[in-house]
Novice: 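Can you keep this structure in mind? I'll have questions shortly.
A, B, ... follow the sequence lines: proteins, then strands. Residue 1 opens every chain.
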2 protein chains.
Amino acid sequence: MAETQGPDADAGSDVPVGMAPALRRPLDQMRILRAAVEFIDTNGLSKLTMRRLGAHLGVEAMALYRYVPGREQLLDGVVEVVMDQLYETTMAGGFSTSWQEYLQMQAHAVRTLALEHPRIFPLVATRPAAAPWLRPPLRSLRWVEDFLRGLREYGFSPVASVVVYRSFATFLLGALLLEAGTLEDLTITDRVNLAFIETDELSAYPIITEMAEQLKDGGYATEFEDALEGLIERVAELRS
Amino acid sequence: MAETQGPDADAGSDVPVGMAPALRRPLDQMRILRAAVEFIDTNGLSKLTMRRLGAHLGVEAMALYRYVPGREQLLDGVVEVVMDQLYETTMAGGFSTSWQEYLQMQAHAVRTLALEHPRIFPLVATRPAAAPWLRPPLRSLRWVEDFLRGLREYGFSPVASVVVYRSFATFLLGALLLEAGTLEDLTITDRVNLAFIETDELSAYPIITEMAEQLKDGGYATEFEDALEGLIERVAELRS
DNA sequence: ACCTGAACACCGTTCAAGT
DNA sequence: ACCTGAACACCGTTCAAGT
């Protein structure tokens with residue numbers, strides 16, 4: 001939570017001589033991007049301004065422009081950082097014994113990421129991707145490369161692999177953008193207006209009123225699993 | 001395109017006396033919201049400011065605040081206006097003879113709306129809904145009421161109706177947010193940076209390079225139909 | 001009743017200047 | 001080499017003032 005540090009390979013071991021142990025080592029792009037991720041996670045995207053992010057890093061806003069071309073590109077960088085995180089947790093992990101298991105594991109990795117960063121996931125989901133054939137949220141070239149190779153190894157034809165990639169992305173986008181949206185509201189609310197509907201207004205909708213209980217039941221987790229099952233069955237037909 | 005007018009019931013017939021045929025009748029909320037829809041459609045959300053919208057209406061920005069509490073609520077209103085459009089085209093239309101046909105027709109109506117307003121659909125899809133159990137993009141109370149009643153009439157149980165509503169919304173969100181995103185880019189591009197990937201960078205990804213042709217094939221339309229078919233089959237099992 | 005002018009606190013971004 | 005101060009052109013929003 002406090003610091004995303006670790007025994008990383010650029011911090012402690014080989015401090016360049018002459019670079020005194022300053023209280024604040026100079027900025028660099030990665031540090032800015034990670035600070036931005038942290039900032040959005042805790043304060044929400046709408047609060048992120050260049051000036052506030054600078055302050056968060058103990059620096060004036062103008063200093064950021066030496067490492068980042070502008071706010072839009074900063075947000076692109078935030079998306080990349082988060083996707084890299086997905087790549088590492090998912091591709092480093094052990095092998096799967098079947099394509100079904102493989103899809104399950106990838107789906108859950110993306111879901112975990114979406115729930116860990118509910119305020120960033122909308123960015124991953126809706127920012128224009130680097131190429132028109134990339135499908136958010138599965139938008140990292142490395143990731144797609146490995147995913148397609150993975151499917152190939154499980155015996156999918158090239159055409160089938162692409163179809164699977166697309167329907168997988170569509171499924172994750174729909175399911176997780178909704179679920180992340182509900183989490184977003186539970187933390188600090190960006191906007192409180194209209195958050196709930198007046199009871200008297202509701203009475204104009206008898207069916208909704210009658211079904212209030214069923215509608216309120218959350219159940220996102222099992223819903224995700226069921227839809228994933230459905231997708232896998234559809235893919236199985238496609239493969240035969 | 002130019003004017004969303006028609007023989008509407010507040011324009012010509014009963015002009016209040018004393019209200020001279022001024023070149024610009026006074027503002028009203030609906031006029032502002034419709035102007036905002038038009039503005040986003042042609043210029044994109046990021047260009048919409050209170051000041052520019054005022055100018056578009058021949059008025060200073062401050063005048064808008066008499067009819068709209070602020071920018072956020074203006075955007076909420078834009079979403080509502082667009083959803084009302086959906087309600088009218090979809091619920092006024094004739095009856096369907098089967099629930100399959102009913103779902104098909106509703107799905108295509110939402111798709112048409114998304115493709116007509118590709119720059120507004122992301123708002124419909126991602127703005128927090130009025131209640132946590134509403135699922136964007138199917139977020140209008142009237143619409144949900146009629147949809148649930150429709151399913152009920154086709155013999156779905158209350159629980160099943162809710163499950164169908166949810167998976168239907170998830171499906172539409174994933175499929176159409178992606179498709180709308182591609183249309184958005186084809187019109188005036190908000191941002192051109194990184195729009196396409198350098199060819200040399202691509203060569204680091206052999207599988208992607210090899211599958212370039214399959215990946216580039218658009219085919220959103222048939223993809224939508226296939227996924228819709230799949231959903232309907234899953235719903236059929238659920239119903240039995 | 002409806003709109004405007006002026007003002008406030010804030011943006012993103014540029015650029016010459018400081019150390 | 002790295003950061004800052006001052007400035008520019010813009011925001012959303014408030015409020016007293018105009019007609």
Novice: Apply side-chain hydrogen bond (donor to acceptor under 3.5 Å, both in side chains) to B:Tyr87 and list each qualifying residue two or more places apart in sequence or on a separate chain.
Specialist: B:Asp146
Novice: About how many Å separate CG of B:Leu75 and CD of B:Glu80, when rounded to the nearest 0.5 Å?
Specialist: 12.0 Å
Novice: What residues, two or more places apart in sequence or in another chain, satisfy salt bridge (Lys or Arg N to Asp or Glu O under 4.0 Å) together with A:Asp84?
Specialist: A:Arg142
Novice: Show every donor-acceptor pair shorter than 3.5 Å between a side-chain atom in residues 58-66 of chain A and any protein atom, with sequence neighbours excluded, or say none if there are none.
Specialist:
none

Novice: I need the CD1-P distance between A:Ile32 and D:dC2, as an integer number of Å.
Specialist: 12 Å
Novice: Could you go over nucleotides 13-17 of chain D and give all protein N or O partners under 3.5 Å, atom names and distances?
Specialist:
residue, atom, partner, partner atom, Å
D:dT13, OP2, B:Tyr65, OH, 2.8
D:dT13, OP2, B:Arg71, N, 2.9
D:dT13, O5', B:Tyr65, OH, 3.4

Novice: Are the side chains of A:Val81 and A:Met30 in contact, using a 4.5 Å heavy-atom criterion?
Specialist: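 When only atoms from C-beta onward are counted, A:Val81 and A:Met30 do touch, with a gap below 4.5 Å.
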Novice: Are side-chain heavy atoms of B:Phe168 and B:Gln106 found at a separation under 4.5 Å?
Specialist: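 Heavy-atom side-chain distance check passes, below 4.5 Å.
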Novice: Which residue pairs pass the ring-ring contact (aromatic ring centres under 6.0 Å, His included) test when at least one of the two sits in residues 30-63 of chain B, sequence neighbours left out?
Specialist: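 Sorted result for residues 30-63 of chain B: B:Phe39-B:His56.
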Novice: Using a 3.5 Å limit on both pairing distances, list the dot-bracket string of DNA chain D from the 5' end; Watson-Crick and G-U wobble pairs count, crossing pairs take [ ], interstrand pairs take |.
Specialist: ||.|||||...|||||.||
Novice: Any heavy-atom pair between the side chains of B:Glu145 and A:Pro206 that's under 4.5 Å?
Specialist: yes
Novice: Toward the 5' end of DNA chain D, which comes first, B:Leu48 or A:Leu27, by nearest nucleotide?
Specialist: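 Result: A:Leu27.
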Novice: Round to a whole Å and report the spacing from CG of A:Leu64 to C1' of D:dT4.
Specialist: 12 Å
Novice: Starting at CD of A:Glu60 and ending at P of C:dG12, how long is that distance when rounded to a whole Å?
Specialist: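 It works out to 13 Å between those atoms.
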